[in-house]
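No hydrogens, no waters, no symmetry mates; every other heavy atom, side chains included, goes into these values. Letters A, B, ... mirror the listed sequences (proteins, then strands); counts begin at 1.
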2 protein chains.
Amino acid sequence: MADTIHFSPASLKVSCSNCSLRELCLPLGLNPDEMAQLDAVIRQSRKLKRGDHLFRSGEGFKSLFAVRTGFFKTTVASQDGREQVTGFHMSGELMGLDGISANLHGCDAIALEDSEVCELPFTRMEELSRDIPSLQRHFYRLMSREIVRDQNVMLLLGNMKAEERIAAFLLNLSQRLASRGFAANDFILRMSREEIGSFLGLKLETVSRTLSKLQQQGWIKVDHKHIQLVQPGELKALVTGCANANTNPM
Amino acid sequence: MADTIHFSPASLKVSCSNCSLRELCLPLGLNPDEMAQLDAVIRQSRKLKRGDHLFRSGEGFKSLFAVRTGFFKTTVASQDGREQVTGFHMSGELMGLDGISANLHGCDAIALEDSEVCELPFTRMEELSRDIPSLQRHFYRLMSREIVRDQNVMLLLGNMKAEERIAAFLLNLSQRLASRGFAANDFILRMSREEIGSFLGLKLETVSRTLSKLQQQGWIKVDHKHIQLVQPGELKALVTGCANANTNPM
DNA sequence: CGTACTGTTGAATGGGTTCAAAGGGTGTGG
DNA sequence: CCACACCCTTTGAACCCATTCAACAGTACG
């Protein structure tokens, strides 16, 4: 087993080339040389404990960060101190894209459990993306995807009722967990009711009540942070407004 | 006068190099050769009439569009038909960035008055941005700025009361108009109350009522679509939550 | 083992929505 | 050029969903 490890113990440092999250952070079809260039630039495994800040709004922007393990929230604050959770981030997802525009981080990133991130020094990535077209394209795509995601959140915040917001939130988590090989319909929430509420534009009491109501209806089971989607189809029907209440988990 | 025009009447086509909006769409400090490359790729002046669609959600994505003259809204729709205005766009602003991720447009773009746009074929821009580092950087910045903007809208939709939303909306318009050389405190709205409401997560009646209330308080004057900011400082105080109600127009 | 935090639930309140009606402006066709 | 129709806007009144205030239970952590 050990004969695949080269050189010194320092190379225990995992590399992008054999990272299982590779296809989430990086484009497909990189050749070995390109992969080596990336491995040389990307610093793996900065570790954070639950509650630690990865970066803060207003700090100088130098790097993007990819979640390796763990779970993060990002928040923005208004001048008078009101705080809004703008997203939850799990393995393979990139944080910090909002910092590029002004060379300052535009939000806080906080670990919601003990976590590990990879650091992608942005100016180096910019340089590399000139030489590696698929990398450039990949970054454009990632940023665009973030814009699409934000637009969908705007749709949610602008149009949906509490029940629909919670259902959309649970289904979104479910789908992201499923795409990482976890159970789609049985998971542990990493965030508090208050954080869910902040993200969804609701108060924590409303989140709690709504979860209870969904449980009463038999769509879900709630045991503190342990959530089971019993009737994901019904949740989906709630979000889409359609009448068909099948149990298709997608 | 005519001696600055070269070749045929076809070259009446305005070019980026002498476009007054250059600094909004393109990076600063391009050399003449780079500028010529861009001029060769960017197609100017597609004209739209009020109500026309520039593109529709689901259509194949090929180009970004920069507003040259006029005014646009972009909207996303949920599966069950609810519609959300995700932004209003004036001269120099780019639309279509959300289409990059899936090669499909993710929203509808509709002209709110007779307008002209420049078309930026994306694959060509991608290629150019490899050769022109400042162009690549510019696109990363633009996309990042869009993400920041969306996060601020999320903050607004998640945390603010009707009065604050309207104030923030008016101040934002004011600021963007001012930066284009128009009056900051006296302007014509290009969109209906319903479109404002959709953008701000309010019903059109609430928009109307709130404008009336702000007028009653003497902060603004409303005459149909003609808006005057009489006390912009008070509006700002409303948004920031601060107590200082000075009249500083910024 | 106690203290503090997180979550649940109830009751009262309130801001925004819904429903409704009427006025004003705009644009088109006669 | 006028008349009519339609849309946009305003305003009122009743209603409702989410918030606020409050009390209590369960859990985590020192």
Side-chain angles (χ1 to χ4, degrees), chain A residues 49-52 71 73 82-85 110 112-114 156-170 188-217 220-228 238 241, chain B residues 49-52 71 73 82-85 110 112-114 156-170 188-217 220-228 238 241:
Chain A
K49 282 191 286 191
R50 182 176 144 184
D52 284 352
F71 204 83
K73 70 170 173 179
R82 278 177 291 195
E83 197 170 275
Q84 168 86 19
V85 171
I110 299 157
L112 294 181
E113 59 180 6
D114 293 358
L156 178 145
L157 292 172
N159 282 299
M160 292 188 178
K161 296 203 183 307
E163 229 181 14
E164 300 169 324
R165 295 184 196 200
I166 295 285
F169 171 73
L170 293 175
I188 306 293
L189 296 176
R190 261 58 211 236
M191 70 295 282
S192 70
R193 302 287 191 262
E194 183 164 22
E195 287 162 337
I196 297 173
S198 170
F199 180 58
L200 297 178
L202 302 168
K203 295 294 160 192
L204 67 96
E205 295 95 326
T206 309
V207 173
S208 184
R209 263 186 258 279
T210 307
L211 286 172
S212 299
K213 196 197 292 181
L214 291 176
Q215 177 170 234
Q216 254 179 328
Q217 290 170 311
I220 68 175
K221 285 183 79 171
V222 184
D223 177 27
H224 306 286
K225 306 217 156 177
H226 179 197
I227 303 284
Q228 295 178 65
L238 214 57
Chain B
K49 281 190 288 192
R50 182 176 144 187
D52 284 351
F71 204 82
K73 69 169 174 179
R82 278 177 291 195
E83 197 170 276
Q84 168 87 19
V85 172
I110 297 158
L112 294 182
E113 59 180 8
D114 294 358
L156 178 146
L157 292 172
N159 281 301
M160 291 188 178
K161 296 205 185 306
E163 226 181 17
E164 299 168 326
R165 294 183 197 201
I166 295 286
F169 170 73
L170 293 176
I188 307 292
L189 297 176
R190 262 57 209 237
M191 70 296 281
S192 70
R193 302 286 191 262
E194 183 164 22
E195 287 162 336
I196 297 174
S198 171
F199 180 58
L200 297 177
L202 302 168
K203 294 296 159 189
L204 68 96
E205 296 94 328
T206 309
V207 174
S208 182
R209 263 186 259 276
T210 307
L211 287 173
S212 300
K213 196 196 291 179
L214 291 176
Q215 178 170 233
Q216 256 180 327
Q217 291 171 311
I220 67 175
K221 284 183 80 172
V222 184
D223 176 27
H224 306 285
K225 306 219 153 173
H226 179 198
I227 303 285
Q228 295 177 67
L238 214 56

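Residues B/L157 and A/G158 come closest through the heavy atom pair CD1-N, 4.4 Å. For the pair A/G51 and A/I110, the tightest heavy-atom approach, listed with the atom from each and the gap, is O-CG2, 3.8 Å.
A distance-only check finds no donor-acceptor pair linking the side chain of A/D114 to the backbone of A/K49 [under 3.5 Å]. In this structure a side-chain-to-backbone donor-acceptor pair under 3.5 Å is missing from B/S208 to B/L204.
Taking atom CD of B/E195 as the reference point, atom P of D/dC8 lies 8 Å away to the nearest angstrom.
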Inset, instruction - I would like to know whether A/L170 and A/L211 meet side chain to side chain contact (heavy atoms under 4.5 Å, CB included); could you show each step before the answer? - result: CA-CA 10 Å; A/L170 293 175; A/L211 286 172; 4.2 Å; yes
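Remark: B/K161 NZ is loosely packed, at most 12 non-hydrogen atoms of other residues, nucleotides or ligands lying under 6.0 Å away.
A search for side-chain hydrogen bond (donor to acceptor under 3.5 Å, both in side chains) contacts involving A/R190 returns A/E113, not counting sequence neighbours.
Each end of the helix from C/dC1-D/dG30 to C/dG30-D/dC1 gets its own rotation axis from five pairs of C1' atoms, and the angle between them is 50° to the nearest 10 degrees.
Residues A/Q84 and A/R82 have side chains not in contact (no heavy-atom distance under 4.5 Å, counting atoms from C-beta outward).
Between the CE atom of B/M160 and the CG atom of B/L238 there is a distance of 9.0 Å, given to the nearest 0.5 Å. Here B/I227 contributes atom CD1 and B/K221 contributes atom NZ; the two are 11.5 Å apart, rounded to the nearest 0.5 Å. To the nearest 0.5 angstrom, A/L156 atom CG is 6.0 Å from A/R165 atom CZ. To the nearest 0.5 Å, the span separating CZ on B/F169 from OG1 on B/T210 amounts to 12.5 Å.
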I'd like a table of atom pairs between the protein and nucleotides 26-30 of chain D - only N or O on both sides, under 3.5 Å - with the distance next to each one.
residue: D/dT27; atom: OP1; partner: A/H224; partner atom: NE2; Å: 3.2

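Within the structure, every side-chain polar atom (N or O) of B/S208 is placed at least 4.0 Å from both OP1 and OP2 of D/dT11.
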Inset, instruction - Classify every nucleotide of nucleotides 16-22 of chain D by which part a protein heavy atom approaches to under 4.0 Å, writing B for the base, S for the sugar-phosphate alone and - for neither, in 5'-to-3' order. - result: --SBBB-
Indicate every side-chain donor-acceptor pair of residues 192-201 of chain A with a distance under 3.5 Å to a residue at least two apart or in another chain.
residue: A/S192; atom: OG; partner: A/E194; partner atom: N; Å: 3.4
residue: A/S192; atom: OG; partner: A/E195; partner atom: N; Å: 3.1
residue: A/S192; atom: OG; partner: A/E195; partner atom: OE1; Å: 3.4
residue: A/R193; atom: NH2; partner: A/H224; partner atom: O; Å: 2.7
residue: A/E195; atom: OE1; partner: A/S192; partner atom: N; Å: 2.9
residue: A/E195; atom: OE2; partner: A/K73; partner atom: NZ; Å: 2.9
residue: A/S198; atom: OG; partner: A/E83; partner atom: O; Å: 3.4
residue: A/S198; atom: OG; partner: A/V85; partner atom: N; Å: 2.8

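Extent of DNA chain C lying under 4.0 Å from chain A heavy atoms, first and last nucleotide in 5' to 3' order, is C/dG7 to C/dA11.
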